[in-house]
Amino acid sequence: MSSSLYRRLHNIFGTSLPTKSAQTCNTLKSLPTKESKLKELVDKFKKSSELGKFRSKQDVYYSTVHRLASAKQFSMIEDILEDQKKYKDISIEGFAIRLITLYGKSGMLDHAHKMFDEMPELQCERTVKSFNALLAACVNSKKFDKVEGVFTELRAKLSLEPNVVSYNTVIKAFCEMGSLDSALSWVDEMERNGLDANLITYNTLLDAFYRNNRFLDGEKIWAMMETKNVVPDIRSYNAKFRGLVFERRTSEAVELIEELRTKGLKPDVLSFNALIKSFCNDGNIEEAKRWYKELMKCKCVPNWVTFTTLVPFLCEKGEFDMAFKICKKIMKRHYPVKKEILQLVVDGLVKESKLEEATELVELGRSNSFRYKLELCSDK
DNA sequence: CTAGGGTTAG
């Protein structure tokens, strides 16, 4: 192998020493730290918030807060969200809900709760929707054990009537805690209050039961749906696929594809991923490949999971050409890719002296890092 | 603008 290719392969996987120029950069220039860059972002965000049009862009709020949360800059999140309370929008419930949701997704449940408590003094009406946003904030912040308390306390104190969404959120919390039987008893509770479980309720339960390897109970939920005339959708089927794959019942998974098709549903990426995984488990590469092709034929988009299940298996079987093709497809969609898997493919291609392909993958890997796009002040 | 359900991880 040429030495320059070798060096490039090692650079991309980070196993070589930093280059001279990088060292110089770090020592002499003292690059702006991540925090100071984010601080800049915070200031820009607060300045932009003065514009009413900016405040209506909720996706910018979500992406900015998400970026700060993944950098663990929680005080910056507090900074930009508390700053929003001075605008008249805060008396619109939808805007307050946005802040509650953002705090919840950032794991800041106390802040979400405080926001909810402050709504009356901010002249903002509270309905069951903001109540539900607070319940969801418990779930999103993974403080699942807080849900029940918030539910009972607020129902008593504010005499808000919970609806299906409220119950579904509580049920989700119990599912996440693995308390599946409590989740079921909340379905009863909800029905005692005159509310019917809907498709979302059932899908939440199906997902939890099959995921916890309680296949027979999953089947019981499925039967309940039928008696209540709730029509399963592709998510219901995908939950069942997970159960079948876990139980290594590959042929039944194949039959399930046929079944959902007769019901007028279309399998999606998750369905195909399940089939691919099942055949990989069985060591059946031909069928795994066939289902990948079927996925492509159905105009589904292979994703991170497709990649992670299929590519290592292809490498194991020495099918580096197909592994290469799939890697290219995935990386062009800018999914962050596990570099250990990429390494397997590159090693295989190098072993087969397919240096051009190996180089191409390495180059793609270099540009594969996730890029954050944000256009602040784009509406000035 | 407004609340609830899917694989990873950003």
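The structure presented is a predicted model; accordingly, all values stated were derived computationally and were not measured.
Atom CD in Glu340(A) sits roughly 13 Å away from atom C1' in dA9(B) (whole-Å rounding). Atom pair Met190(A):CE and dG4(B):C1' shows a separation of 10 Å (rounding to whole Å applied). Atom CG in Asn273(A) sits roughly 12 Å away from atom P in dT8(B) (whole-Å rounding). Spacing between atom CD1 of Ile341(A) and atom C1' of dT8(B) amounts to 11 Å, rounded to whole angstrom units. Residue Leu134(A) contributes atom CG, which lies 12 Å from atom P of dG4(B) at whole-angstrom precision. To the nearest angstrom, P of dT7(B) lies 21 Å from OH of Tyr237(A). In this structure, Glu176(A) places its CD atom 13 Å from C1' of dG4(B), rounding to the nearest Å. Between Met331(A) atom CE and dT8(B) atom P there is a gap of 21 Å when expressed in whole angstrom units.
When heavy atoms are screened at a 4.0 angstrom cut-off, Phe95(A) is found touching base atoms of the nucleic acid. Residue contacts for Ile171(A): at a heavy-atom cut-off of 4.0 Å it reaches no nucleic acid atom on any strand shown. Glu93(A) comes within contact range of at least one nucleobase, with a heavy-atom separation under 4.0 Å. Backbone-only engagement by Asp207(A) is indicated by non-hydrogen atom pairs under 4.0 Å involving sugar-phosphate atoms exclusively. Looking at heavy-atom distances under 4.0 Å, Val164(A) makes contact with a base. Across all strands, Leu206(A) comes closer than 4.0 Å to no nucleic acid atom at all (heavy-atom distances).
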Identify every side-chain donor-acceptor pair in residues 269-280 of chain A under 3.5 Å, counting partners at least two apart or on other chains, and give the distances.
residue: Ser271(A); atom: OG; partner: Asn238(A); partner atom: OD1; Å: 2.7
residue: Ser271(A); atom: OG; partner: Asp268(A); partner atom: N; Å: 2.9
residue: Ser271(A); atom: OG; partner: Asp268(A); partner atom: O; Å: 3.3
residue: Ser271(A); atom: OG; partner: Asp268(A); partner atom: OD1; Å: 3.0
residue: Asn273(A); atom: OD1; partner: Thr306(A); partner atom: OG1; Å: 2.8
residue: Asn273(A); atom: ND2; partner: Val269(A); partner atom: O; Å: 3.4
residue: Asn273(A); atom: ND2; partner: Asn303(A); partner atom: OD1; Å: 3.2
residue: Ser278(A); atom: OG; partner: Thr250(A); partner atom: OG1; Å: 3.0

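The side chain of Lys129(A) lies closest to dA3(B) when the candidates are dT8(B), dT7(B), dA3(B). Distance from the side chain of Asn163(A) is smallest to dA3(B) among dG4(B), dA3(B), dT7(B). The side chain of Asn303(A) sits closest to dT7(B) out of dG4(B), dT7(B), dT2(B). Comparing dA3(B), dG4(B), dC1(B) against the side chain of Asp89(A) picks out dC1(B) as the nearest. Distance from the side chain of Thr169(A) is smallest for dG4(B) among the nucleotides dT2(B), dT8(B), dG4(B).
Two residues are said to be in side-chain contact when any heavy atoms from C-beta on lie closer than 4.5 Å; Cys175(A) and Asp207(A) fail this criterion. Using a 4.5 Å heavy-atom cutoff, the side chains of Leu180(A) and Arg214(A) are in contact.
Summary of the strand contacts: His66(A) and Asn140(A) both lie near DNA chain B, and taking for each the nucleotide with the nearest heavy atom, the more 5' one is attributed to Asn140(A). Residues Ile92(A) and Lys338(A) each lie close to DNA chain B; by heavy-atom proximity, the contact nearer the 5' end of the strand is made by Ile92(A).
Lys37(A) has no carboxylate O lying under 4.0 Å from a charged side-chain N of Glu40(A), or vice versa, which leaves the two without a salt bridge.
Remark: of the listed residues His113(A), His111(A), Lys114(A), His111(A) is the sole one forming a side-chain contact (heavy atoms from CB on, under 4.5 Å) with Tyr103(A).
Taking 3.5 Å as the limit, the base of dC1(B) and the side chain of Arg55(A) contain no donor-acceptor pair of atoms between them.
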Query raised in the report: Please walk me through it: do Leu364(A) and Lys328(A) pass side-chain contact (heavy atoms from CB on, under 4.5 Å)?
Result: CA-CA 8 Å; Leu364(A) 273 170; Lys328(A) 257 175 49 174; 3.5 Å; yes
